[in-house]
Amino acid sequence: MKENVIKPYGYAMNDGVMQLSFTLPVENGSKAKKAAELYVSRLNMDKVSVVHSSKISDDFTFFVVYARALPTIDYATVVSDEIQIEEMGFYEINELIKKKLNRPLTVVGAAIGSDAHTVGIDAIMNMKGYNQDYGLERYPQINTCNMGAQVPPSSLIQKAVEIQADAILISQTVTQRDTHIRNLKELLENLNSAGLGERFILIVGGPGITNDFAVGLGFHAGFGRGTRPSQVASFLVMKMLEKGEKK
C-alpha cells in the first residue's frame with residue numbers, strides 16, 4: 001500500500017495550520033489568554049496564536065486559537081467506520097422488496113428513554129424525508145410506525161411484536177453522561193430477556209452515532225449525521241435478503 005502522509009492544510013500544503021475553539025473555566029484577561037496558549041502548546045502544536053477571547057459568563061472564557069499541528073498520518077492506512085452499503089434509489093428498493101421478498105417490510109421507530117428529539121427519526125421515517133430523499137413512509141413496499149419521542153424501550157418492543165415488525169429503528173442523541181448508552185443497552189437487555197434477541201433488524205442513528213459504536217453494542221448498524229432515508233432502506237432490504245438466504 002502506497003504511503004500518503006498528510007497534515008492539516010492552512011495556508012500551504014501540509015503546513016499543519018489549524019483553527020481551534022474551546023472554553024476554559026477562567027475569567028477573561030491576559031492571564032487567561034496565556035493559559036489558552038500554553039494548553040494548546042501541550043496538544044502537540046506550536047506557533048500558537050490566540051486570535052479571539054470573550055467572556056461567556058463569570059469565570060468562563062471562549063477562545064479561538066490558530067496553531068500548527070506537528071503530527072502526520074498515513075492516509076493510506078485510514079479505514080472508515082461508516083457502514084458500507086450498496087445504495088439504491090426509491091424505485092429500485094421498492095422493486096427489490098416486491099420481487100425478492102414477496103411482501104412489504106414493516107418498520108417501527110422511536111427516540112427512546114428520555115430522548116425528546118424527533119428530528120432524526122422523522123427525517124428517516126416521515127413521508128417528506130430528508131435532503132430531497134423520500135422518507136420510509138413514502139415507500140409503498142414499506143409499512144412504518146413512528147412512535148415519536150421519549151418511548152420506553154419496553155413499549156417499543158411491545159409495538160414491534162404487535163405489528164410483526166422486521167426492523168426497529170432507534171434515534172438517539174449522544175449525551176455527555178452516556179444516557180444514550182444506557183437507553184440502548186436497556187433495549188437490548190429487554191429483547192434478550194424476552195427471547196427476541198435475533199427477531200429484529202436493529203438500527204440506531206443520531207448525530208454522534210457511528211457504525212463501530214452501534215455494532216459494538218449489539219446492533220446491526222449505526223448511521224450518523226447526514227444519513228438519508230434511502231441509505232437506511234437500502235441496508236434494510238439487503239439485510240432482509242441476507243436473513244432469508246441464511247434461513
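As the structure is a computational prediction, the values presented were derived from the model and not from experiment.
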Peer 1: Check Phe235 against Ile201 and note the closest heavy-atom contact, atom names and distance.
Peer 2: CE2-CG2, 4.1 Å
Peer 1: Sub-3.5 Å donor-acceptor pair from the side chain of Ser171 to the main-chain atoms of Gly206, do we have one?
Peer 2: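 Not a single qualifying donor-acceptor pair exists.
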Peer 1: Looking only at heavy atoms, what is the nearest atom pair of Ile97 and Pro104, with distance?
Peer 2: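 Taking Ile97 first and Pro104 second, the nearest heavy atoms are CG2-CA, 4.2 Å.
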Peer 1: Mind listing the closest non-hydrogen atom pair of Asn183 and Gln172 along with its distance?
Peer 2: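 In terms of heavy atoms, the two residues are closest at ND2-OE1, 3.0 Å.
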Peer 1: Do Tyr139 and Phe90 have their ring centres less than 6.0 Å from each other?
Peer 2: yes
Peer 1: Apply side-chain contact (heavy atoms from CB on, under 4.5 Å) to the pair His52 and Val65, showing each step before the final yes or no.
Peer 2: CA-CA 7 Å; His52 173 79; Val65 176; over 6 Å; no
Peer 1: Below 4.5 Å, heavy atoms only, C-beta onward: do Leu169 and Val108 meet side chain to side chain?
Peer 2: no
Peer 1: Identify the heavy atoms of Gly16 and Lys7 that sit nearest to each other, and give their distance.
Peer 2: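 Answer, listing the atom of Gly16 first, then Lys7: CA-CE, 4.0 Å.
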Peer 1: State yes or no: do Phe223 and Ile170 share one hydrophobic cluster built from I, L, V, M, F, W and Y residues joined by side-chain heavy-atom distances below 4.5 Å, directly or via other members?
Peer 2: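 No, because Phe223 and Ile170 fall into different hydrophobic clusters, even though each may have its own neighbours under 4.5 Å.
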Peer 1: Linking I/L/V/M/F/W/Y whenever any side-chain heavy atoms sit under 4.5 Å apart, do Val51 and Phe62 land together?
Peer 2: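 Yes: a chain of side-chain contacts under 4.5 Å links Val51 to Phe62.
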Peer 1: Please determine whether residues Ile142 and Leu241 belong to a single hydrophobic cluster, defined as Ile, Leu, Val, Met, Phe, Trp and Tyr linked transitively by side-chain heavy-atom distances below 4.5 Å.
Peer 2: yes
Peer 1: Are the side chains of Gln231 and Ile85 in touch, meaning some heavy atoms are under 4.5 Å apart?
Peer 2: yes
Peer 1: What is the minimum heavy-atom distance between Glu137 and Thr144, and which atoms define it?
Peer 2: CG-OG1, 3.1 Å
Peer 1: Does Arg68 have any side-chain hydrogen bond (donor to acceptor under 3.5 Å, both in side chains) partners at least two apart in sequence or in another chain, and if so, which?
Peer 2: Asp46
Peer 1: Of all residues at least two apart in sequence or in a different chain, which pass the side-chain hydrogen bond (donor to acceptor under 3.5 Å, both in side chains) check with Lys159?
Peer 2: Glu162
Peer 1: Are Val161 and Gln158 side-chain neighbours, meaning at least one heavy-atom pair lies under 4.5 Å?
Peer 2: no
Peer 1: So, do Phe219 and Ile203 sit near enough that their side-chain heavy atoms are less than 4.5 Å apart?
Peer 2: no
Peer 1: For residues Leu105 and Asn143, determine if any side-chain heavy atom of one lies less than 4.5 Å from a side-chain heavy atom of the other.
Peer 2: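 Not in contact.
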Peer 1: List for me each residue that meets salt bridge (charged side-chain N to carboxylate O under 4.0 Å, His left out) alongside Arg228, sequence neighbours excluded, and say none if there are none.
Peer 2: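 Listed in chain order: Glu87, Asp133.
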Peer 1: So, do Arg199 and Gln164 sit near enough that their side-chain heavy atoms are less than 4.5 Å apart?
Peer 2: yes
Peer 1: For a 4.5 angstrom cut-off between non-hydrogen side-chain atoms, does Asp115 reach His180?
Peer 2: no
Peer 1: Test of understanding: with side-chain hydrogen bond (donor to acceptor under 3.5 Å, both in side chains), list the residues that count as partners of Lys31, not counting sequence neighbours.
Peer 2: none
Peer 1: Kindly write out the residues that satisfy side-chain hydrogen bond (donor to acceptor under 3.5 Å, both in side chains) with Arg177, not counting sequence neighbours, or none if the list is empty.
Peer 2: none
Peer 1: Within a strict 4.5 Å, meaning less than it, do heavy atoms of the Lys99 and Glu95 side chains meet?
Peer 2: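 Lys99 reaches Glu95 side chain to side chain.
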Peer 1: How close do Val204 and Ile209 get, heavy atom to heavy atom, and via which atoms?
Peer 2: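 It is O-CG2, 3.8 Å.
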Peer 1: List the atom pairs, donor and acceptor, that lie under 3.5 Å between side-chain atoms in residues 145-155 and the rest of the protein, sequence neighbours left out.
Peer 2:
| unit_1 | atom_1 | unit_2 | atom_2 | d |
| --- | --- | --- | --- | --- |
| Asn146 | OD1 | Gly148 | N | 3.0 |
| Asn146 | ND2 | Asp122 | OD1 | 2.9 |
| Asn146 | ND2 | Asn126 | OD1 | 3.3 |
| Gln150 | NE2 | Ser114 | O | 3.4 |

